[in-house]
Amino acid sequence: TYGLELRFTLQPTCVAVARNGAYALIGTTDGSVRLCALGAKSPKTCALLGQLVSRGLNTSLLVTISVADDCRTVFAGAQKGATEVLAWTFGSVPEQATAQQIVNATRQESRTDPKLRGFVCCARRAADDYRLLCGRGIKSAHVWRCQREDVNAGLVWRLEHDLTTQSCGSLVCGGFLGAAADAVWAKAEGGSIRLWKTDAGPDPEHEDLKQTKTALAVLEASGPEGTGGRVTVGGSDALDVASLAGAKLPRLAL
């Protein structure tokens, strides 16, 4: 266990760490995405991985970065000011490779579309088959499919679902559920969490989860018998955890 402190002249908006511990990615308000090689001998040295460019009057970008669970593919986008999403596929590098060596072995791709605005997260459904959730800051959740049919081919981007969130406000958070990312949840500002089963067809029905106006996430949980499954997490003045299946959960002491 060790701590790492990095200093930037611009304000960071997000940090994403690969689950294998190989690298961390930092997004800043100028739209840049920088990579830090955690396995390198000098991990404090970052390298520029890519750059999102503002297309409107809003030049300060709220960058969001999401690392797929295979740690091989990364996506990044912005909430406002950019309708572009960048994608990187990492190649093979030595265990103690520097940040610049990792960047040099990375392939970058991108797609620009109004419905890529407000990038939230990605999920891997199968090998070289990913789902993206966009729409933060607007009143629709857009689910994209990014698939590579061949290891040497480029990503094919396709909008799969245009999902309407609750009309009370703009989308503030969301994500995917299931090992195959076959369910999507999204929460509008001031509203409840809405859940869709996206493998049900092109126009999936939704379910508005009760008592979730203060919830911030839906998670896949594991635990003793009767306490696993999907739970909502949040609360206004305390941490509330509720099971979607109605199972009784132990109280969490804070």
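Note that these values count all heavy atoms, side chains included, but never hydrogens, waters or copies made by symmetry. All of these numbers come straight from a predicted model, not from anything done at the bench.
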Out of curiosity, [X] [atom1] to [Y] [atom2], how far, rounded to the nearest 0.5 Å?
{"X": "C173", "Y": "L216", "atom1": "SG", "atom2": "CG", "value": "6.0 Å"}
{"X": "Q96", "Y": "L38", "atom1": "CD", "atom2": "CG", "value": "12.5 Å"}
{"X": "K197", "Y": "L177", "atom1": "NZ", "atom2": "CG", "value": "9.0 Å"}
{"X": "Q79", "Y": "C134", "atom1": "CD", "atom2": "SG", "value": "12.0 Å"}
{"X": "L155", "Y": "D128", "atom1": "CG", "atom2": "CG", "value": "8.0 Å"}
{"X": "R34", "Y": "T45", "atom1": "CZ", "atom2": "OG1", "value": "12.5 Å"}

Side chains of [X] and [Y] in contact at under 4.5 Å (non-hydrogen atoms):
{"X": "V67", "Y": "L25", "result": "yes"}
{"X": "H161", "Y": "P204", "result": "yes"}
{"X": "Y130", "Y": "D70", "result": "yes"}
{"X": "F176", "Y": "L132", "result": "no"}
{"X": "C71", "Y": "R19", "result": "yes"}

Identified side chain to side chain contact (heavy atoms under 4.5 Å, CB included) partner of W88 from the options I65, V33, T73: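 With W88 as partner, side chain to side chain contact (heavy atoms under 4.5 Å, CB included) holds for just one option, V33.
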Among D162, L163, T165, which residue satisfies the side chain to side chain contact (heavy atoms under 4.5 Å, CB included) criterion with S140?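 Per the side chain to side chain contact (heavy atoms under 4.5 Å, CB included) rule, the option paired with S140 is D162, out of D162, L163, T165.
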Linked, directly or transitively: [X] and [Y] (ILVMFWY side chains, under 4.5 Å):
{"X": "L209", "Y": "V184", "value": "no"}
{"X": "F75", "Y": "V143", "value": "no"}
{"X": "L195", "Y": "L133", "value": "no"}
{"X": "W196", "Y": "L159", "value": "no"}
{"X": "L49", "Y": "V17", "value": "no"}

So, using salt bridge (Lys or Arg N to Asp or Glu O under 4.0 Å) as the criterion, who are the partners of R158 when residues are at least two apart? E160
For R125, which residues count as a salt bridge (Lys or Arg N to Asp or Glu O under 4.0 Å) partner, sequence neighbours excluded?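 Result, salt bridge (Lys or Arg N to Asp or Glu O under 4.0 Å) vs R125: none returned.
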Set out, in order, the CA-CA distance, both residues' side-chain angles and the distance that settles side chain to side chain contact (heavy atoms under 4.5 Å, CB included) for F90 and V74, then state yes or no. CA-CA 8 Å; F90 290 84; V74 173; 3.4 Å; yes
Under 3.5 Å, is there a donor-acceptor pair between the side chain of [X] and the main chain of [Y]?
{"X": "S66", "Y": "C121", "value": "no"}
{"X": "T98", "Y": "Q101", "value": "yes"}
{"X": "T13", "Y": "L62", "value": "no"}
{"X": "H142", "Y": "L116", "value": "no"}
{"X": "S110", "Y": "V85", "value": "no"}

How close do [X] and [Y] get, heavy atom to heavy atom, and via which atoms?
{"X": "G169", "Y": "K139", "result": "O-CG, 3.6 Å"}
{"X": "E189", "Y": "V172", "result": "CB-CG1, 3.8 Å"}
{"X": "V53", "Y": "A82", "result": "O-CB, 3.8 Å"}
{"X": "C36", "Y": "I26", "result": "CB-CD1, 4.4 Å"}
{"X": "K213", "Y": "S192", "result": "CG-OG, 3.6 Å"}
{"X": "A186", "Y": "A141", "result": "CB-CB, 4.4 Å"}

Salt bridge present between D129 and R148 (N-O < 4.0 angstrom): no
Test side chain to side chain contact (heavy atoms under 4.5 Å, CB included) on F119 and V63; report intermediate values, then the result. CA-CA 8 Å; F119 174 69; V63 177; over 6 Å; no
Does [atom1] in [X] sit with more than 12 non-hydrogen atoms of other residues, nucleotides or ligands closer than 6.0 Å?
{"X": "Q108", "atom1": "CD", "answer": "yes"}
{"X": "K80", "atom1": "NZ", "answer": "no"}
{"X": "Q51", "atom1": "CD", "answer": "yes"}

Given side chain to side chain contact (heavy atoms under 4.5 Å, CB included), test N104 with I102 step by step and report yes or no. CA-CA 5 Å; N104 292 343; I102 296 176; over 6 Å; no
Take the angle between the ring planes of W144 and W157 and call it parallel below 30°, perpendicular above 60°, tilted in between.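 Because their plane-to-plane angle is over 60°, the rings of W144 and W157 count as perpendicular.
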Checking L35 against C46 for the side chain to side chain contact (heavy atoms under 4.5 Å, CB included) test, could you report, in this order, the C-alpha distance in whole Å, the side-chain angles of both residues, the deciding distance, and whether it holds? CA-CA 5 Å; L35 182 143; C46 292; over 6 Å; no
I'd like to know if the side chain of T164 pairs up with that of R194 as donor and acceptor (distance under 3.5 Å, no hydrogens or angles considered). no
